Amino acid sequence: MSRICAWTSAWLAGTALAVGVLPGAALANDGYDLWLAPAPAGSAQADVRVVGDSPTLQLAAAELRRDLGAAPLPVVLARADAPELAALGLPTAGLGTEGYLVRAATVAGRPSLLVTGNSDAGVLYGAFAAIRAQKTGGDLTKIDLTSTPKVKLRVLNHWDNLDGSVERGYAGQSLWDWWTLPDFKDPRYTDYARANAALGINGTVLNNVNASPDSLSAAYIAKAAALADVLRPWGIKVYLSARFSAPIELGGLKTADPLDPQVQAWWKDKSDEIYRAIPDFGGFLVKANSEGQPGPRDYHRTHAEGANMLAAAVAPHGGVVMWRAFVYAETDPDDRAKQAYSEFKPLDGKFADNVLVQVKNGAIDFQPREPFHPLFGAMPKTPMMLELQITKEYLGFATHLAYLGPLFEEVLEADTRAKGKGSTVAKVVDGALEGHDLTGMAGVANIGRDRDWSGSTFNQANWYVFGRLAWDPTLSAEALAREWARQTFGDDPRVVDTAVSMMMESREAVVDYTGPFGLAHLMDTGHHYGPGPWVNDLARPEWNPTYYHKADRGGIGFDRTRTGSNAVAQYAPPVARMLADPRTTPETELLWFHHLPWDWKMKSGRTLWQEMVARYDRGVATVAQMQQQWDGVKDKVDAERWSKTASYLAIQHNEARWWRDASLAYWMSVNGLSLPEGSPAPEHDLAWYKAQRFPLAPGH
Ligand code: GCW
């Protein structure tokens with residue numbers, strides 16, 4: 001069998017060894033606490049006083065007592081409207097509803113650490129900011145922090161099915177034990193809420209966008225309501241993915257046509273029913289007319305007509321609809337990368353006020369690197385919600401170390417040029433560019449029932465960086481990596497520096513060994529695990545990797561200029577001009593936009609083929625270097641987290657080599673070229689790589 005299995009057994013053996021050699025000590029840290037390790041046992045507890053009372057303020061106080069340890073000042077938690085703060089003249093007006101102020105101040109005659117905000121949730125976020133500041137080396141006696149979230153809806157999307165499986169989930173079964181809900185509320189739900197609140201995440205969509213109609217049945221509404229009760233005091237609202245045809249499947253209607261009065265009434269009644277159980281229900285997320293899901297196009301209605309019908313049903317209750325723009329159809333022969341824009345752009349201005357259009361960061365599908373989606377900046381009248389994928393469907397599942405901060409940052413910083421220079425995706429998403437108040441960012445969760453929640457310690461950082469960037473999309477990926485590493489591994493600068501350095505190189509390494517220079521969608525079928533650039537026999541053309549790379553003897557890459565699909569024309573003119581010419585296109589995106597000869601001269605002076613091979617080699621080498629770096633902190637990280645990470649890095653190194661070898665073997669079979677001197681031959685022949693099968697790979 002493949003060496004993938006061999007590595008898995010090596011990992012199991014390694015774990016057994018670690019546990020055997022170091023009983024007890026090896027189990028010291030299983031990662032359950034995430035970035036929220038409690039203060040060490042025996043340390044003094046912070047003196048925390050709560051002004052006023054509410055469940056949320058009490059939770060904030062408990063967090064400070066649990067995590068802060070010996071605080072240099074007594075802590076006062078109070079909402080900004082508390083009478084005893086009136087004399088302080090605090091600048092709280094600009095904090096909005098969820099912002100916080102954390103300041104060393106004299107309160108009621110006593111030097112204190114004051115944590116305040118205009119709402120209980122604001123105070124809670126302030127408490128977590130104080131903990132974060134202290135754990136990252138801040139001096140609480142001098143602290144003066146104010147922060148207001150730049151994005152209103154900061155939401156996780158769980159692709160969790162009602163049977164407990166998770167689509168593209170690699171951290172075990174679903175966290176939601178639907179079977180025992182609503183009666184049993186697993187304490188993990190509370191810990192999940194705490195972790196999210198620490199980041200400022202204020203919403204969660206509980207079920208898969210490939211939604212079962214049953215999630216809207218009375219029984220499942222009761223289960224969702226039980227979860228909402230747990231999450232509410234942590235400032236988190238519950239949302240549900242809605243299946244567009246539910247009026248037929250659940251309601252017994254003959255149609256789900258959004259203009260049919262009976263269908264409209266069904267959704268209105270269903271929404272009323274949900275709000276009776278969950279008074280602060282957030283609203284619906286919808287995947288419609290995409291990959292076989294039902295939708296308004298089935299009735300020759302537009303996406304706006306579909307979205308607006310649902311929007312009308314939740315509007316009286318203050319709910320929203322997050323309507324996904326991830327659409328493409330096998331009946332449309334046009335470049336898949338163009339289809340969402342073609343379908344949605346004409347609808348700008350036609351959506352109801354409480355609809356957000358949720359757009360993936362790129363026009364295809366969460367690849368290790370994609371240019372920003374052309375819809376950003378193209379629909380000025382519509383709130384554009386950014387959808388990122390935290391789970392690593394295309395970046396090595398849970399096993400590969402790939403810190404997604406740089407990927408998220410790259411898209412947020414991308415300049416759409418929609419209203420001149422500086423029209424970044426971040427400004428489209430946070431509403432600054434067009435003055436939208438309703439704004440949102442969604443992350444497809446990587447959370448499951450594994451003890452460490454996300455399948456590996458470093459995957460926790462992707463949950464972390466998503467949440468922090470959703471609060472403020474201008475934060476730096478590197479600073480957030482450092483912030484996370486310090487809270488996760490402690491103060492030792494050698495460990496923190498090592499972790500940050502590994503993290504910051506890791507995503508580019510994945511790009512290098514899976515597909516450099518804008519190549520994308522080269523993975524094997526179905527499970528999306530491992531390389532399959534040769535695949536060309538799937539029913540839908542745009543499911544085949546060969547559709548994306550178009551490699552032949554003459555060259556490689558997808559011509560999206562005027563001589564090809566002209567997808568470049570979907571970008572604002574200055575961006576379109578830049579991308580129309582391979583010499584001005586960033587090399588990182590070269591083959592996404594251009595079909596070029598293998599001997600195309602790169603900026604380095606070397607040929608495209610030589611550079612491609614060098615990138616594949618670099619990707620494998622970077623993982624080897626990450627292994628060495630991790631070896632260097634072996635004595636400084638608890639044995640359990642260290643050895644699992646080391647084993648996973650070994651898997652990653654092995655699989656990086658697999659990706660490189662399989663890809664190069666295939667490219668050579670197409671271009672007839674040989675490898676530059678010094679670059680090792682693939683370990684097996686192409687037939688071997690093609691023969692690998694992984695029917696039991698998780699997540700699909
Ligand atoms: O490409 C895909 C994933 C699907 C996912 C889809 C989507 C939930 O492979 O698993 O379905 O994206 O985002 O809707």
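As the structure is a prediction and not an experimental result, all values here were calculated from the model. All values below were derived from every heavy atom in this structure, side-chain atoms included, with hydrogens, water molecules and symmetry-related copies excluded. We count ligands from 1, going down the list as the structure has it; atoms in each ligand are counted the same way.
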Tyr403: what forms a ring pair (Phe, Tyr, Trp, His ring centres under 6.0 Å) with it, not counting sequence neighbours?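 In terms of ring pair (Phe, Tyr, Trp, His ring centres under 6.0 Å), with neighbours along the sequence ignored, Tyr403 is linked to no residue.
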Just to verify, what does Tyr170 make a ring pair (Phe, Tyr, Trp, His ring centres under 6.0 Å) with, not counting sequence neighbours?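 For Tyr170, the residues satisfying ring pair (Phe, Tyr, Trp, His ring centres under 6.0 Å) (neighbours in sequence not counted) are Phe397.
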Please output the residues near ligand 1 using a strict heavy-atom distance under 4.0 Å, listed in chain and residue-number order.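 Residue list for ligand 1: Trp159, Glu167, Arg168, Asn208, Val209, Asn210, Lys287, Glu291, Arg324, Phe326, Lys360, Asp365, Glu393, Tyr394, His528.
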Are Lys350 and Glu305 close enough for a salt bridge, meaning some N to O gap below 4.0 Å?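 Here Lys350 does not pair with Glu305 in a salt bridge, since their nearest N and O are not under 4.0 Å apart.
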All pairs passing salt bridge (Lys or Arg N to Asp or Glu O under 4.0 Å) where residues 355-365 contributes a residue, at least two apart: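 Found Lys360-Asp365.
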Parallel, tilted or perpendicular: rings of Phe366 and Trp159 (30°, 60°):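 Correct class here is tilted.
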Between Trp176 and Tyr220, is the ring pair (Phe, Tyr, Trp, His ring centres under 6.0 Å) condition met? List the steps. CA-CA 12 Å; Trp176 321 130; Tyr220 278 84; over 10 Å; no
